[in-house]
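Heavy atoms only: backbone and side chains are in, while hydrogens, waters and symmetry mates are out. Here is the naming used below: chain letters follow the sequence lines, and residue numbers restart at 1 for every chain.
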Amino acid sequence: MTTQEYIIQQLQRFLDARQISGIEIILEKPKEEKFGDFASTLALQLAKHLKKNPRQIAEELKAFIPVDERYISRIEIAGPGFVNFFASKTYLYTQLRKILEEKERFGQSAVGKGKTAQIEFVSANPTGPLTIGHGRGAVLGDTLARLLQAVGYKVTREYYFNNAGRQMRILGESVRLRYLELCGEKVEFPEDYYQGEYIIDIARTIFKEKGDALKSETDIAYFKDRAEQIIFTGIKNTIRRLGFEFDVFYNEKSLYDEGKIDEIIERLREKGLIAERDGAVWFLTSKLGFDQDRVIVKSSGEPTYRLPDIAYHVEKVKRGFDLIIDIFGADHIATYPDVLAAVKALGYDVDRIKVLIHQFVTLYEGEEKVKMSTRKANFVTLDELMDEVGVDVTRYFFLMRSMNSHLNFDLTLAKKQSEENPVFYIQYAHARICSILKLAETRKIDLNATADLALLQAPEEINLIKHLVHFPQVVESGALNYEPHRLVNYLYDLATYFHKFYTECRVIGDDLQLSRARLALIDAARLVLANGLGLLGITAPDHM
RNA sequence: GCGCCCUUAGCUCAGUAGGAUAGAGCAACUGCCUUCUAAGCAGUGGGUCGGAGGUUCGAAUCCUCCAGGGCGUACCA
């Protein structure tokens, strides 16, 4: 049992004894040290209910709860009726021991054990290389997957794509025109075609393979397919470089092939949610409380993105995942409310579908704002970014802010000042520890001998231990709230606690017993830093 | 017009379910390397938490209105 659990249990016992129900017990982490490690506002909450002075209730609480040295060392009342609990050192040492025993497992939990989750992200159509815009979604999705796995979920990373339709036709046509240029023909390259350099590269590849044999080929099929192949290979390489792989690439086309698309229309029609107007098929969202209806099949006979999206989400639910996560950029914000409305109207449980929207990445080149667009030539690819600043910095930057905050990414700064980057601050803490451990090894200090942890008494030591002990809760809250940046902030703070400790406390010194205890402490810190960075997909270097 | 997100120190952002004196990094200024990595530590200055009401013991946090910015609001995805 943790100290937190002990306190909650005791508070609950207090409520039970007075037959009070319907109150959820919340423990807070006070900002200031003098207010203890955990604080309860129960007395304040109960004041009105019991028609008593909160201070008096707090006194009763204090008298009621036994000071069990295994968990807490004292209870204090402060302010208007806060009840502050101080974790006992016995508890902290026990937990520190636990970290050293659990090693790379420390931080994992079982709240999601036996559950499955599917995360769909990136999902860029194969019309060009991944850009920085995709990068944020990619890193968020992968990190969320890692976090969910850490709390016990079995996770499927999924990439949904569409290799048919207008975009792909333009892609094929763009490549064909570039190819003709290489064959020495004069061509007019339309403005709304894909302008990027990569199109020329693809054409060049085809030219190398086929010479001018396709010169009079008017069917774009070959150009389109070959372009898709090359682009997809590139995307997969980029993803691999970022540090993960997708488990499933789901082709929108399969929804058509298996009749899922028609099925959705029919089922919506049965619900009276379909109408034909102006040669198009409309989804009557107005009947579901929206302000206007939406077209799901254009008068050309081509479905809009909404229809396959609905079918795809129905499939996801049918596949039986306990948790289904979609990660979109803010520009797709309009696409999901009516999709979910349709899924719900067809009788499926949409509560398990979580749509996460991340705000845009604005790229700066110094003071200059860089506009990005795949169609136009000017974009910075994820690969280029990784070339410049490395994978660790890339991932860290995408993760360090909450996803609903706009991300300003100053490329010039990231390149130039990468030494001052916060990710190095965290990695540096890890490297410093490794360096001390290495020294301990050359001094032949036995790390496996049982250290007397009770020798750890300095405030810097106690603060470090407290922060280490908190790690599993951070992982859990990051996973369950879908907020990876919490872990980033935690690790940054952990590095601060370590650096402070390092400055004040010499690890390897004259007192062998103390050295051993401190080695145990930093080894635990090393484990937590490594586990935490691992969850972020960032390396934990031995030296820098 | 409508929907979603944002507005906190000069700049970039945290602020974990409403809690105690609002935090960090960068930038500015001042100290600390003969000792395990100074990519570090300590300190100083810097704020009407966009504005106005409301809810209550208590609001940066919840509600309403207003202002500013971003993204949408397609028979594009």
Side-chain angles (χ1 to χ4, degrees), chain A residues 24 26 28-32 34-35 39 41 44-45 47-48 53-54 78-82 84 123-125 127 162 165-167 252 277-282 290-292 294-306 308-309 329-337 357-360 362 400-410 413 417-429 431-440 442-443 473-474 477-478 481 483 485-486 488-490 492-493 495-496 498-509 515 518-519 522 543-544:
Chain A
E24 206 184 341
I26 296 155
E28 305 182 345
K29 230 183 91 201
K31 281 179 200 144
E32 292 201 47
K34 65 177 177 185
F35 296 132
T41 56
L44 295 166
Q45 291 174 266
K48 197 190 277 180
N53 184 327
F82 291 99
N84 298 327
S123 293
N125 289 337
T127 57
N162 171 12
R166 194 170 133 264
Q167 295 177 77
E252 180 186 314
R277 286 203 294 264
D278 313 322
V281 181
W282 294 72
F290 290 83
D291 55 349
Q292 54 182 306
R294 304 288 182 181
V295 169
I296 56 172
V297 182
K298 301 183 235 174
S299 50
S300 67
E302 253 180 323
T304 64
Y305 63 86
R306 254 174 265 269
D309 269 10
D331 54 337
H332 285 237
I333 193 132
T335 74
Y336 78 93
I357 307 284
H358 65 82
Q359 296 301 312
F360 267 18
T362 314
M400 68 188 199
R401 306 264 147 84
S402 120
M403 70 177 89
N404 48 24
S405 155
H406 294 258
L407 181 62
N408 291 325
F409 203 124
D410 187 333
L413 213 73
Q417 305 197 340
S418 58
E419 285 181 359
E420 294 168 25
N421 196 285
V423 68
F424 292 109
Y425 179 80
I426 300 173
Q427 291 179 318
Y428 184 50
R432 268 184 155 176
I433 294 173
C434 290
S435 154
I436 300 170
L437 291 173
K438 203 179 288 169
L439 181 68
T442 60
R443 297 269 176 90
Q473 283 167 49
V474 176
S477 84
N481 294 291
E483 292 189 347
H485 77 281
R486 292 189 194 193
V488 176
N489 293 334
Y490 167 85
Y492 191 89
D493 290 342
T496 301
F498 170 75
H499 287 310
K500 282 182 181 174
F501 158 82
Y502 178 90
T503 308
E504 296 302 322
C505 306
R506 179 151 187 104
V507 177
I508 297 174
S515 296
R518 286 181 171 165
L519 283 166
I522 64 166
H543 60 88
M544 291 174 69

*Please work out if A/R506 contacts a base, only the sugar-phosphate, or nothing of the nucleic acid, heavy-atom cut-off 4.0 Å.*
base

*Within less than 4.0 Å of OP1 or OP2 of B/rG19, is there a side-chain N or O belonging to A/K29?*
no

*Specify the separation, in whole Å, of atom CG of A/D493 and atom C1' of B/rA24.*
8 Å

*Find the distance A/N489:CG to B/rU12:P and express it as a whole number of Å.*
18 Å

*asked:* For a quick check of understanding: with a heavy-atom distance under 4.0 Å over all strands, which category does A/A78 fall into, base, sugar-phosphate or nothing?
replied: base

*B/rC76 P sits how many Å from A/E302 CD, rounded?*
8 Å

*Does A/G509 offer a backbone N or O that forms a donor-acceptor pair with the side chain of A/S515 under 3.5 Å?*
yes

*Roughly, in whole Å, what's the span from CD1 in A/I357 to P in B/rG3?*
17 Å

*Does a side-chain N or O from A/K31 land closer than 4.0 Å to OP1 or OP2 of B/rU21, or not?*
no

_Nucleotide nearest A/L44 when distance is taken to its side chain, options B/rA24, B/rG19, B/rC13_ = B/rG19

*If you look at every strand shown and take non-hydrogen atoms under 4.0 Å, does A/E28 touch a base, only sugar-phosphate, or nothing?*
base

*Could you state the CG-P distance from A/N404 to B/rC6, rounded to the nearest angstrom?*
5 Å

_Looking at A/H406, is its backbone amide N or carbonyl O close enough to the side chain of A/R401 to form a donor-acceptor pair, meaning the two atoms are under 3.5 Å apart?_
no

*Interatomic distance where CE belongs to A/M544 and P belongs to B/rG40 [whole Å]*: 9 Å

*With pairs defined as Watson-Crick or G-U wobble and both distances under 3.5 angstrom, please note down RNA chain B as a dot-bracket string, | for pairing with another strand.*
(((((((..((((.....[...)))).(((((.......))))).....(((((..]....))))))))))))....

*On a whole-Å scale, what distance lies between the P atoms belonging to B/rC66 and B/rG3?*
11 Å

*Nucleotide B/rC13, atom P - distance to CZ of A/F409 in whole Å*: 13 Å

*With rounding to whole Å, what would you report as the distance between B/rC11 and B/rG47 at their C1' atoms?*
14 Å

*Between B/rA14, B/rC75, B/rA24, which one does the side chain of A/S405 approach most closely?*
B/rA14

*In whole Å, what separates the P atom of B/rC33 from that of B/rA28?*
22 Å

_If you compare every side-chain N and O of A/S402 against the phosphate oxygens of B/rA14 (OP1, OP2), does one of them come in below 4.0 Å?_
yes

_Sugar-phosphate, base or nothing in reach of A/N125, heavy atoms under 4.0 Å_ = sugar-phosphate

*Using a cut-off of strictly less than 4.0 Å, decide whether A/H406 has a side-chain nitrogen or oxygen near OP1 or OP2 of B/rC71.*
no

*Rounded distance [0.5 Å steps], CZ in A/F501 versus CZ in A/R518*: 5.5 Å

*Integer-rounded Å distance: B/rC76 P and A/H332 NE2*: 15 Å

*asked:* Anti or syn, where syn is a glycosidic angle within 90° of 0; which label fits B/rC33?
replied: syn

_Shortest side-chain distance from A/V295, nucleotide among B/rC75, B/rA24, B/rC2_ = B/rC75

_By nearest atom, which of the nucleotides B/rC71, B/rU21, B/rC41 is closest to the A/K34 side chain?_
B/rU21

*Separation between CG of A/N408 and CZ of A/F360, rounded to the nearest 0.5 Å*: 13.5 Å

*asked:* Is the terminal nitrogen or CZ of A/R432 (NZ for Lys, CZ for Arg) located under 6.0 angstrom from the six-membered ring centre of A/Y502 and within 45° of that ring's axis?
replied: yes

_Span that lies between the C1' atom of B/rU61 and that of B/rA22, in whole angstrom_ = 12 Å

*Contact class for A/L439 vs. all strands (heavy atom < 4.0 Å): base, sugar-phosphate, or nothing?*
sugar-phosphate

_Ignoring hydrogens, what is the shortest heavy-atom contact between A/T41 and A/F82? Give both atom names and the distance._
CG2-CE2, 3.7 Å

*Please state the P separation for the pair B/rA20 and B/rC32 - nearest whole angstrom.*
37 Å

*Reckon A/A330 touches a base, only the sugar-phosphate, or nothing at all at heavy-atom distances under 4.0 Å?*
sugar-phosphate

*For the side chain of A/N408, counting heavy atoms from C-beta on, which of B/rU16, B/rC71, B/rC13 is nearest?*
B/rC13

*Among B/rA20, B/rC75, B/rU21, which is the nearest nucleotide to the side chain of A/F82?*
B/rA20

_Touch class at under 4.0 angstrom, heavy-atom based, for A/Y425 against every strand present_ = sugar-phosphate

*Taking atom C1' in both B/rU48 and B/rA60, what distance in whole Å separates the two?*
13 Å

*Has A/T335 got a side-chain N or O lying under 4.0 Å from the OP1 or OP2 atom of B/rA77?*
no

*Write down the distance separating the P atoms in B/rC62 and B/rU16, rounded off to the nearest Å.*
10 Å

*Could you check whether A/A334 gets within reach of a base, just the sugar-phosphate, or nothing at all, counting any heavy atom under 4.0 Å?*
sugar-phosphate

*Listed by chain and number, what are the side-chain contact (heavy atoms from CB on, under 4.5 Å) partners of A/R486, not counting sequence neighbours?*
A/S477, A/N481, A/E483

_Atom C1', compared across B/rC76 and B/rU55: separation rounded to whole Å_ = 45 Å

*With respect to the side chain of A/R432, which nucleotide from B/rA39, B/rA20, B/rG40 is positioned closest?*
B/rG40

_Upstream residue (5' side of RNA chain B) when A/A39 and A/F360 are each assigned their closest nucleotide_ = A/A39

*Describe the nucleic acid contact of A/Y502 in one word from base, sugar-phosphate, nothing, applying a heavy-atom distance below 4.0 Å.*
base

*asked:* Students often get this wrong, so: under 4.0 angstrom with heavy atoms, is A/N84 touching a base, only sugar-phosphate, or nothing?
replied: base

*Say whether, by atom type as modelled, one donor and one acceptor occur between the side chain of A/N421 and the main chain of A/V423 under 3.5 angstrom.*
yes

*Indicate whether OP1 or OP2 belonging to B/rA77 is found under 4.0 Å from a side-chain N or O atom of A/N162.*
no

_Using a 5.5 Å cut-off between ring centres and planes within 30 degrees, is A/F35 stacked on the base of B/rA20?_
yes

*asked:* Looking at A/T304 and A/V297, would you say the former's side chain and the latter's main chain have a donor-acceptor pair under 3.5 Å?
replied: no

*Report yes if a side-chain nitrogen or oxygen of A/Y305 is closer than 4.0 Å to either non-bridging phosphate oxygen (OP1 or OP2) of B/rA74; otherwise report no.*
no

